[in-house]
There are 2 protein chains.
Amino acid sequence: MSLRHALLGLLSERPASGYDLLKRFETSLANVWPATQSQMYTELSKLADSGLIGVSAQGPRGRKEYTLTDEGLAELRHWLTETKPQRNTRSDILLRVFFLNVITPDQARSYLAELMELSEQEHEALRRLADSIDWGDDPLSVNGRIALEYGLRFNAMRREWAAWAADQIR
Amino acid sequence: MSLRHALLGLLSERPASGYDLLKRFETSLANVWPATQSQMYTELSKLADSGLIGVSAQGPRGRKEYTLTDEGLAELRHWLTETKPQRNTRSDILLRVFFLNVITPDQARSYLAELMELSEQEHEALRRLADSIDWGDDPLSVNGRIALEYGLRFNAMRREWAAWAADQIR
DNA sequence: GTTTTCATGTAACGAGTTACATGATTCT
DNA sequence: AGAATCATGTAACTCGTTACATGAAAAC
C-alpha cells in the first residue's frame, strides 16, 4: 500500500506526469521501492479518482501533469507521522541460508562467496552514485544522503556477515 | 515464488502436514519468510499436483502428511545452486526517509528515534531467542545460528544508522 | 459435555509482474 | 523518411492477505 505514498511524496516536490515519475523512480527510489510502468499509471488513476492528486495541466501526446492536492499532502503527512512502518521481512537471500545443509559445504561456501561479491558490487555502485551527485544542503540532498548511507552500511554489514558465515561452515 | 522452496526446504528435514509446517514457520522461518495458513495449504496442493511432494500418510481429522519426492529435492537443490537470489528491495522504512522534509525536523527525528528503538527491541528479541535454544553441531543449528547472527548484525547496523541520521537533521 | 487443539479448505480482494497495444512528437 | 523518445493505457496472471467456513478428536 506504499506505492501511493511514494507517488504522493514525489509529487510533493513538484508536479509531474506519470512518465516523469517513472523516470524519477529509476534514479531515486528504484532501490527502496521499485515499481513498474503499468503499476504506476494504474495507481495514478486511483489517486486522481480519490482526490489526493489532480490533473493540473495537459500536454502533447496525451501528457497529464499531476499535482498534489491539500488532501494528498495531508495523507502523506499522516502516513509519515501516524502510521508505523511495517518491518521488512521476506529475504530470499536469508531463506536460502536455512537450507544450506541440503547442498555440499563447498556449494554452500560458494553461495556465501557470491553474496560477499554482490554486497561489494552494490556498495561500490552506491559509492559511485554518491560521488556523481553534488550534495547540497537542501532537504532532498539530506534525505537522499541518509538513504544512501543506509545502503553503504547495509552492504558493508552483509559482506562481513557472509565472510563470517562462510567460516562457520565446516 | 519462494514459498514453495521454503516448504520444500522444511520437508527436506522430515515429512510433515500443512499444520506442522504452519507451526514450524512460526518458530523458524517467520522472520525471513512469513506465510499465512491460507497460502500454505494452497501452495502444498500445487506442490503435490506438480509432483514435488507427495502424500505419504493420512491421519485423523483429514491430516495429510507430505513427503519430499526426488524431483522435489532436485528442485530444491536447483534453486539453491543454480538460481540467483533476488535482492531484497522495497523498504517501507527507507521510503519514508526520502520524504522526511515534508514533516517538521522534530517529527523526523522522532521517526528516527522510533527506528532506533525498534532495532533495539528486535535485537533484544533475537538475543533472547539465541539464549533459549541450545545450539548443537547439527546442520540445522549451524544454519539457524548463521541466520540469527544476520539479524543481530542487521539490527545493530540499523540502530547506529538511525542515530547517525537523526544527527544529520538540522 | 464443553472447550481446546488439530486440521483443512475456499472466496474475495489488493498488490505486483509481464506482456501487449497504441499512437503522437521530436530528432537526425 | 525513419528512428528514437515521449506518453498512456489494458489484460492476464501470480502472489499475498483477510475473512469465512467446517468439522474431527483430544483434553478437562
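Order of the sequence lines sets the chain letters (A, B, ...), proteins ahead of strands, with each chain counted from 1.
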Chemist: May I have the distance from A:Leu47 (atom CG) to D:dT8 (atom P), rounded to whole angstrom?
Modeler: 14 Å
Chemist: Looking at A:Lys64, I'd like to know whether one of its side-chain N or O atoms comes within less than 4.0 Å of OP1 or OP2 on D:dG9.
Modeler: yes
Chemist: Can you build the contact string for nucleotides 13-23 of chain C? Use B for base contact, S for sugar-phosphate-only contact, and - for no protein heavy atom under 4.0 Å.
Modeler: --SSBBB---B
Chemist: With A:Ser12, which residues qualify under side-chain contact (heavy atoms from CB on, under 4.5 Å), at least two apart?
Modeler: A:Leu68, A:Leu76, B:Val102
Chemist: Under the 4.5 Å side-chain heavy-atom rule for ILVMFWY, direct or indirect, which residues accompany A:Leu129?
Modeler: A:Leu126, A:Ile133, A:Trp135, A:Leu148, A:Leu152
Chemist: Can you list, by chain and residue number, the hydrophobic cluster partners of B:Tyr41 when the side-chain cut-off is 4.5 Å?
Modeler: B:Tyr19
Chemist: Can you figure out which of D:dG9, C:dG9, C:dT25 approaches the side chain of A:Tyr41 most closely?
Modeler: D:dG9
Chemist: To the nearest Å, how far apart are A:Met40 CE and D:dC6 P?
Modeler: 14 Å
Chemist: I'd like to know if the side chain of A:Arg159 pairs up with that of A:Ser119 as donor and acceptor (distance under 3.5 Å, no hydrogens or angles considered).
Modeler: no
Chemist: Given atom CD of B:Glu65 and atom C1' of C:dT8, what is their separation to the nearest angstrom?
Modeler: 15 Å
Chemist: What integer distance in Å separates B:Leu44:CG from D:dG16:P?
Modeler: 14 Å
Chemist: Can you tell me the distance, in whole Å, between the NZ atom of A:Lys23 and the C1' atom of D:dT8?
Modeler: 13 Å
Chemist: To the nearest Å, how far apart are A:Tyr19 OH and D:dG9 P?
Modeler: 15 Å
Chemist: To the nearest Å, give me how far apart OH (A:Tyr66) and P (D:dA7) are.
Modeler: 13 Å
Chemist: State, to the nearest 10°, the angle formed by the axis through the first five base pairs of the helix from C:dG1-D:dC28 to C:dT28-D:dA1 and the axis through its last five.
Modeler: 20°
Chemist: Test of understanding: with salt bridge (charged side-chain N to carboxylate O under 4.0 Å, His left out), list the residues that count as partners of A:Asp167, not counting sequence neighbours.
Modeler: A:Arg170
Chemist: Can A:Asp20 and A:Lys23 be counted as an ion pair, charged N to O under 4.0 angstrom?
Modeler: no
Chemist: State which residues pass salt bridge (charged side-chain N to carboxylate O under 4.0 Å, His left out) with B:Glu160; sequence neighbours excluded, sorted by chain then number.
Modeler: none
Chemist: Sequence neighbours left out, what pairs pass ring pair (Phe, Tyr, Trp, His ring centres under 6.0 Å) with at least one residue falling in residues 75-107 of chain B?
Modeler: B:His5-B:Trp79
Chemist: Rounding to an integer number of Å, can you tell me how far A:Arg63 CZ sits from D:dA7 C1'?
Modeler: 9 Å
Chemist: Once side-chain hydrogen bond (donor to acceptor under 3.5 Å, both in side chains) is applied, do any residues pair with B:Asp134, and if so which ones, sequence neighbours excluded?
Modeler: none
